[in-house]
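Any value given below was found using the heavy atoms of this structure, including those in side chains, with hydrogens, waters and symmetry copies removed. The model shown is predicted, which means the values in this text are computed figures rather than measured ones. Along the sequence shown, residues carry numbers from 1.
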Amino acid sequence: MEYRRLGRIGHSSSVLIYGAAALGDVDQDTADASVREALAAGVNHLDVAASYGDAELRLGPMMADIRKDVFLATKTGDRDREAAWASINRSLERLRTDRLDLLQLHAIGDLDDLDRALGAGGAIEAAVRAKEEGLVGEIGITGHGDQAAATHLEALRRFPFATVLTPLNAVLWRDPAYRENYAALVAEVRRQDVGLMTIKTVSRRNWPEGAEQTHSTWYEPLATAEKIRAAVSWVLAHEEVTGLATAGDVRLLGMIVEAERDRMPVEAAEALLAGDDEYSSPFLHMTI
């Protein structure tokens, strides 16, 4: 497993960040086995959220044994101060810990959301209070959608977030507007020494209407080992990326781990993914 510095936080994070959305609707034995699989592979960074079903509850029983060995991040999707404060404290209880390494403002993908979260009485005030009281180490921001990179750039202009979690994959990169916004975000991330993490690595497309949803991800994922290898290889070829969040289905973890171990050249990855005529943005029809 490769490790990269998480911006000015300084943590040496595994390039695979355990996406605990995969634990939202599984039993405890399945959750335990999946997290053990990740830790055995060298993953040392766990990313969960208050809105991921029972995911925090599934992680909680493990914390006594693993807390010292992992960087623990969660998220609040609330936009106002009081609701966010309650969410942060509820997450601490569910995770059975007295401190988070990172608290992220969740799913901020446009300026309206950003204005609410960072305005007077917004969620950022709860996050700052939690940091001042020692409940969280640092504050970050996440978001979905084709405006996420541009929104996160504006967020960094308004508040010194320590981390950003934004979408990136080969098909999003084909969009000139998205690529331009992402490049501008990277420049600001480097200027402020922010930890940059990514999501949607193995997204293939939106689920077709009427299709059987074979995975618990809200998008249809790439589901063959070679395509996942290409997708992971492509994202990790971006040196500015600290790490990518693994997909929200425990059955995909093994292929993602193997893909990180056995990466292909970025040109080969691009060519393989370009051969999939159905490969498209998951944000054409937002379902979350």
Side-chain angles (χ1 to χ4, degrees), residues 2-19 43-47 49 71-76 100-111 113-115 117-118 123-124 127-128 131 136-201 203 231-246 260 266 281-283:
E2 181 186 359
Y3 300 85
R4 297 181 184 177
R5 177 176 168 273
L6 188 60
R8 63 179 181 268
I9 293 175
H11 183 259
S12 182
S13 286
S14 50
V15 293
L16 298 186
I17 298 164
Y18 187 81
V43 171
N44 69 354
H45 185 146
L46 308 182
D47 184 82
F71 184 92
L72 180 61
T74 196
K75 314 181 187 81
T76 176
L100 301 163
D101 295 303
L102 179 66
L103 183 281
Q104 298 158 104
L105 303 189
H106 188 33
I108 296 182
D110 60 44
L111 292 180
D113 266 342
L114 186 67
D115 288 343
L118 298 193
I124 192 62
V128 170
K131 183 176 180 180
V136 307
E138 297 291 348
I139 302 168
I141 189 169
T142 83
H144 301 272
D146 56 12
Q147 294 303 305
T151 302
H152 295 161
L153 172 61
E154 178 60 23
L156 290 178
R157 291 169 174 159
R158 299 188 191 182
F159 184 85
F161 290 101
T163 65
V164 168
L165 181 64
T166 209
L168 180 67
N169 62 33
V171 73
L172 292 172
W173 190 257
R174 296 175 192 169
D175 179 348
Y178 193 88
R179 188 167 64 247
E180 181 179 354
N181 288 334
Y182 178 81
L185 174 62
V186 169
E188 187 63 18
V189 159
R190 286 174 167 157
R191 191 183 74 81
Q192 295 191 30
D193 196 15
V194 171
L196 177 62
M197 301 169 285
T198 65
I199 51 176
K200 304 299 170 276
T201 300
S203 167
V232 169
S233 298
W234 189 90
V235 170
L236 292 181
H238 287 255
E239 295 181 355
E240 73 278 3
V241 173
T242 297
L244 61 89
T246 60
E260 188 278 330
V266 67
S281 169
F283 305 131

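Here the CG atom belonging to L46 is positioned 11.5 Å from the CG atom belonging to L100, to the nearest 0.5 angstrom. If you take OG on S281 and CZ on R174, they are separated by 11.0 Å, rounding to the nearest 0.5 Å. F283 contributes atom CZ, which lies 6.0 Å from atom CG of L172 (distance to the nearest 0.5 angstrom). Note that the OG1 atom of T201 and the CG atom of N169 stand 7.0 Å from one another [nearest 0.5 Å]. Atoms CG and CG, on L153 and L185 in that order, are 6.0 Å from each other to the nearest 0.5 Å. Considering CD1 of I9 and CG of L6, their distance stands at 4.5 Å, rounded to 0.5 Å.
Residues G145 and P167 approach most closely at O-CG, 4.2 Å, considering heavy atoms. Listed here is the closest heavy atom pair of G109 and T151: O-OG1, 3.2 Å. The two residues A107 and T142 have their closest heavy-atom pair at N-OG1, 3.0 Å. Nearest heavy atoms, P160 versus R8: O-NH2, 2.8 Å.
In this structure the side chain of I17 never reaches within 4.5 angstrom of the side chain of L244, judged on heavy atoms. Between S14 and F71 the shortest side-chain heavy-atom distance does not fall below 4.5 Å. H45 is not listed as a side-chain neighbour of L72, based on a closest heavy-atom distance of 4.5 Å or more. In this structure, the side chains of L105 and T76 come closer than 4.5 Å at one or more pairs of heavy atoms. By the 4.5 Å heavy-atom criterion applied to side chains, L103 and K75 are not counted as neighbours. Residues V194 and L156 meet the side-chain proximity criterion, which asks for heavy atoms closer than 4.5 Å. Residues Y182 and L196 have side chains in contact (heavy-atom distance under 4.5 Å, counting atoms from C-beta outward).
Judged by distance alone, with hydrogens and angles left aside, the side-chain atoms of D101 form no donor-acceptor pair with the main-chain N or O of G137 at under 3.5 Å. Side chain of R4 to backbone of S12: no donor-acceptor contact under 3.5 angstrom is found. Within the 3.5 Å criterion, the main-chain N or O of G19 finds a donor-acceptor partner in the side chain of T246. Between the side chain of R158 and the backbone N or O of L118 there is no donor-acceptor pair closer than 3.5 Å.
Aromatic ring orientation, H238 versus W173: perpendicular (interplanar angle above 60°, classes split at 30° and 60°).
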Test side-chain contact (heavy atoms from CB on, under 4.5 Å) on Y3 and N44 and set out the steps.
CA-CA 9 Å; Y3 300 85; N44 69 354; 3.8 Å; yes
Stepwise side-chain contact (heavy atoms from CB on, under 4.5 Å) check, I141 with T163:
CA-CA 6 Å; I141 189 169; T163 65; over 6 Å; no
Would you sort out whether L165 and T198 count as a side-chain contact (heavy atoms from CB on, under 4.5 Å), showing the intermediate values?
CA-CA 5 Å; L165 181 64; T198 65; 5.6 Å; no
Please walk me through it: do I139 and I124 pass side-chain contact (heavy atoms from CB on, under 4.5 Å)?
CA-CA 9 Å; I139 302 168; I124 192 62; 4.1 Å; yes
Trace of the salt bridge (charged side-chain N to carboxylate O under 4.0 Å, His left out) decision for E188 with R190:
CA-CA 5 Å; E188 187 63 18; R190 286 174 167 157; over 6 Å; no
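The environment of CD in E2 is crowded: more than 12 heavy-atom neighbours from other residues, nucleotides or ligands sit within 6.0 Å.
For the 3.5 Å distance criterion, the side chains of H106 and Q104 fail to qualify, holding no donor opposite an acceptor. Counting only N and O atoms by type, the side chains of T166 and H152 include a donor and acceptor under 3.5 Å apart.
Among L102, V15, L168, the one residue that satisfies the side-chain contact (heavy atoms from CB on, under 4.5 Å) test with M197 is L102.
Between E138 and K131, at least one side-chain nitrogen of the basic residue sits less than 4.0 Å from a carboxylate oxygen of the acidic one, meeting the salt-bridge criterion.
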